[in-house]
2 protein chains.
Amino acid sequence: MELLEIIVKNIPAIDNAAIKVAAEREDQLTKPIGSLGRLEELVIKIAGMRAEARPSLDKKKVIVFASDHGVALEGVGSYPQEVTMQMLMNFRVKGAAINVLAAQAGADISLVDMGVACPYPEADDVILRKLGPGTANIAVGPAMDRATAVKALETGMELALLDADKGMNLLAVGEMGIGNTTSSAAIICAVTGNSPDEVTGTGAGLAPEKLQHKKEIVKKALAVNSPDVTDGIDVLASLGGFEIGAMAGAIVAAASRRIPVVIDGIISSAAALIASLIAPDSVNYMIAGHRSQVPGHSFALAKLGLEPYLELDMRLGEGTGAVLCFNIVEAACRTLDEMATFAEAGVSEANDEN
Amino acid sequence: MELLEIIVKNIPAIDNAAIKVAAEREDQLTKPIGSLGRLEELVIKIAGMRAEARPSLDKKKVIVFASDHGVALEGVGSYPQEVTMQMLMNFRVKGAAINVLAAQAGADISLVDMGVACPYPEADDVILRKLGPGTANIAVGPAMDRATAVKALETGMELALLDADKGMNLLAVGEMGIGNTTSSAAIICAVTGNSPDEVTGTGAGLAPEKLQHKKEIVKKALAVNSPDVTDGIDVLASLGGFEIGAMAGAIVAAASRRIPVVIDGIISSAAALIASLIAPDSVNYMIAGHRSQVPGHSFALAKLGLEPYLELDMRLGEGTGAVLCFNIVEAACRTLDEMATFAEAGVSEANDEN
């Protein structure tokens, strides 16, 4: 628990001086005031995170955590459990959406095995941090014990801190795990207070007639475990999963180093909620990449006070919506940094006040 | 008129065979069906435009047309007319938002002077196609005569065709012109039938108390000129401007070469409406980059049947919203082209039908 406690205590406050300078410069750039819309608000927010008046985010990373879920036994998904391992192998050969979108964004990928159930040949390009062959079934008891939950969080922290040491300045957390939309729905219900009926979606493509069953499993998980919703570690231990804990840890660690973290879809936002319980100030370093088509996602973002930048009806996970948003984040930073001011360009300013 | 007539007749039909193959491949990729949301619909549409089942758009261009507007005399804007020239100079030294965003998108820029009123030192990096020192004042008569309107359209066509010959496969049209939101509002009212009160906005940042005056000028322009709203050339000649005509011509010419054109904000969408009157099939090659904060933009997009991909409250023009959307367009194309199929990756498919 030592690392966790230290990191949580070390999240710096947002730098209001940098925000002020950034906002002043934004209004001097050769464009009508406010005309870059949400890009302006975004880079000003990032200036506060980075404590830099002209932030430049050039070392981008997505960490993809893969893990299995005991609740997959309950028939809550449309894919067999082996798909977690198969997709991890697909990530290795760059065949998945996250590979393509990360390459396009100029972002590096790390692959982390937090608890993939099916065996696969050992590989240098997968970071092995297995906490077991998947979580226990949350429909009948807790996903993991408290010590394992702490270990999951600290694993994500360690990996994000290593990347921070190597210069990373923009992070997204992604995942793969058959069953993890069920775990995430349960976490979102626990933390936001919304009901399983409104939060639970069809995940990766569950047949509509099986959705009611998935909702019942989420209700059962909440009833059986009744987590302490003020305690992020208890929520994680109760409802899982290993990858969600690692994502939450990575988010908190990034915040401790002033690194903006772009949140992806429902699983990423469940991890963000756990991070917000463990370290409330970590929310200041979160950016919502996109609004997922999955119903529970909007409840999670609302609880976090985040408004997403993309709304493209995506629901793929892996970190795809977050990495796609990297371009928007960079556009916001580059316009503030690279555009000329009215004075520099010799352009006349507006006659009226705005 | 010869070029205009030839190009209009030469817009090919969308290729339904390519659409079918693209849609089939999209559903075989290693992701839940439909989970890339609007990226899937977008690349399938582009496959039809390009007549390629796996389109790749790697040669990107934004053509920025600058021109002045006689209606600026009416006090409809917040910046003096010299700003058109000053911003053209700013584009030359890469100080404007469009420079930064085009560089980030890996897109080339061309700068075209269609009728900038204020003098500036001649420069190799500005394509001179002046049709006059700005349009006439649309509040008292037509912006230009019919022959000049045809010339404006054909100029945009020529430039887009030259780029097409050099391999361009993705186009955005941008602009700079003090007074051109007034001209665009009038065009949007004429073509959509919406009223000046609902269409006219504060442009680059007009003081709210001057908005009513701008609305009156738009009403006057419509009343004085009463264009034939079934004739795109007459709408252009009546309501201007030179740059809007060139943008419309470039859009039509791109369509004739199966090149997708990303539409930007209100001025770009006014040009798109004129293109749609002159060559209705050109709409099949349009992509709405973003939804501008300017009220009339949504009416124009609705008339064109286009749903934008970004909603970031931008209202800058220059082509900025369109170029920012290039990343989304590329993401759509690259995921279809580069992702592995379930069969290729050895990943198990879903148990249930979606």
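Since this is a predicted model, take the numbers as computed values, not measurements. Below, chains carry the letters A, B, ... as their sequence lines are ordered, and counting in each starts from 1.
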Would you mind telling me which of [options] has the largest number of heavy-atom pairs within less than 4.5 Å of chain A?
options	result
B/Met314, B/Gln104, B/Glu338, B/Met339	B/Gln104
B/Gly37, B/Ser348, B/Gly317, B/Ala345	B/Ser348
B/Ala340, B/Gly95, B/Ser292, B/Ala97	B/Gly95

Any sub-3.5 Å donor-acceptor pair from [X]'s side-chain atoms to [Y]'s backbone N or O?
X	Y	value
B/Asp27	B/Ile33	no
B/Asn327	A/Asn327	no
A/Ser183	A/Asn180	no

Under 4.5 Å from a heavy atom of chain B, the part of [X] involved:
X	result
A/Glu82	side chain
A/Val347	both
A/Glu40	neither
A/Leu324	both
A/Leu312	both
A/Asn99	neither

Discussion item. Which label fits A/Tyr79 and B/Phe342: parallel for a plane angle under 30°, tilted from 30 to 60°, or perpendicular past 60°?
Written reply: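 Rings of A/Tyr79 and B/Phe342: parallel, as their planes differ by under 30°.
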Practice prompt. Kindly indicate, with the supporting measurements, whether the criterion side-chain contact (heavy atoms from CB on, under 4.5 Å) is fulfilled by B/Leu306 and B/Ile287.
Written response: CA-CA 7 Å; B/Leu306 302 175; B/Ile287 294 165; over 6 Å; no
Fill in: Salt bridge flag under 4.0 Å for residues A/Asp313 and B/Arg38
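Result for this pair is no, no salt bridge flagged.
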Worksheet item: Taking A/Glu311, A/Glu344, A/Gln293, A/Glu349 one by one, which has the highest count of heavy-atom pairs under 4.5 Å against chain B?
Response: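 Maximum pair count with chain B is reached by A/Glu349.
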Discussion item. If you compare all heavy atoms of A/Glu318 against all heavy atoms of A/Val64, which two are closest, and at what distance to 0.1 Å?
Written reply: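 Of all heavy-atom pairs spanning A/Glu318 and A/Val64, the closest is O-CG2, 3.7 Å.
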Worksheet item: Which region of B/Leu36, side chain (C-beta onward) or backbone (N, CA, C, O), has a non-hydrogen atom less than 4.5 Å from a non-hydrogen atom of chain A, or is it both or neither?
Response: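 Both parts, heavy atoms under 4.5 Å.
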Worksheet item: What part of B/Glu330 is in contact with chain A, defined as an atom under 4.5 angstrom from a non-hydrogen atom: side chain, backbone, both or neither?
Response: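 Both parts, backbone and side chain.
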Classify the side-chain pair [X]/[Y] by whether it contains a donor and acceptor separated by less than 3.5 Å.
X	Y	answer
A/Lys31	B/Thr320	no
B/Arg291	B/Ser298	yes
B/His213	B/Glu74	no

Practice prompt. Residue by residue, scan residues 83-92 of chain A and write down, ordered by number, those that have a heavy-atom distance under 4.5 Å to chain B; if none do, write 'none'.
Written response: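 Interface residues of residues 83-92 of chain A: A/Val83, A/Gln86, A/Met87, A/Asn90.
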Discussion item. Please determine whether side-chain contact (heavy atoms from CB on, under 4.5 Å) holds for the pair A/Thr30 and A/Thr341, giving the CA-CA distance in whole Å, both sets of side-chain angles, and the decisive distance to 0.1 Å.
Written reply: CA-CA 5 Å; A/Thr30 45; A/Thr341 63; 5.8 Å; no
Item to complete: Answer yes or no: is there a side-chain heavy-atom contact under 4.5 Å between A/Ile217 and A/Thr182?
Response: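 Yes, side chains in contact.
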